[in-house]
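Report on one structure; see the data block that follows.
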Amino acid sequence: MTKSIIVISLAILFIAVAVLLLGVKVFFKKGGRFPSGHAHDIPALRDKGITCASGRDDNA
């Protein structure tokens, strides 16, 4: 095996492990979902008055 095949295989393995670890709640919990990344869904940002850029257009 050449070094490039080994490196590509390791990269694919690391990406697969990362996706699995990030999705543990989604894959193994009934009704599990990825958390929202919108600012209006994060209480700490709401308390500071930080709003979501996608909602800013609606309020104009």
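Model, not experiment: these values are computed from the prediction. One-based numbering along the sequence shown.
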Problem - Connected via hydrophobic side-chain network under 4.5 Å: Ile42 and Ile50 - result: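 Linked, Ile42 and Ile50 end up in one cluster.
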Problem - Residue pair Ser9 / Ile5, side-chain heavy-atom distance below 4.5 Å - result: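 With C-beta onward as the side chain, the pair touches.
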Completion exercise
The residue among Ile15, Leu21, Val19 that forms side chain to side chain contact (heavy atoms under 4.5 Å, CB included) with Val17 is Leu21
Handout entry: Apart from Ile12 itself, residues in the same hydrophobic cluster as defined by side-chain heavy atoms under 4.5 Å
Key = Ile8
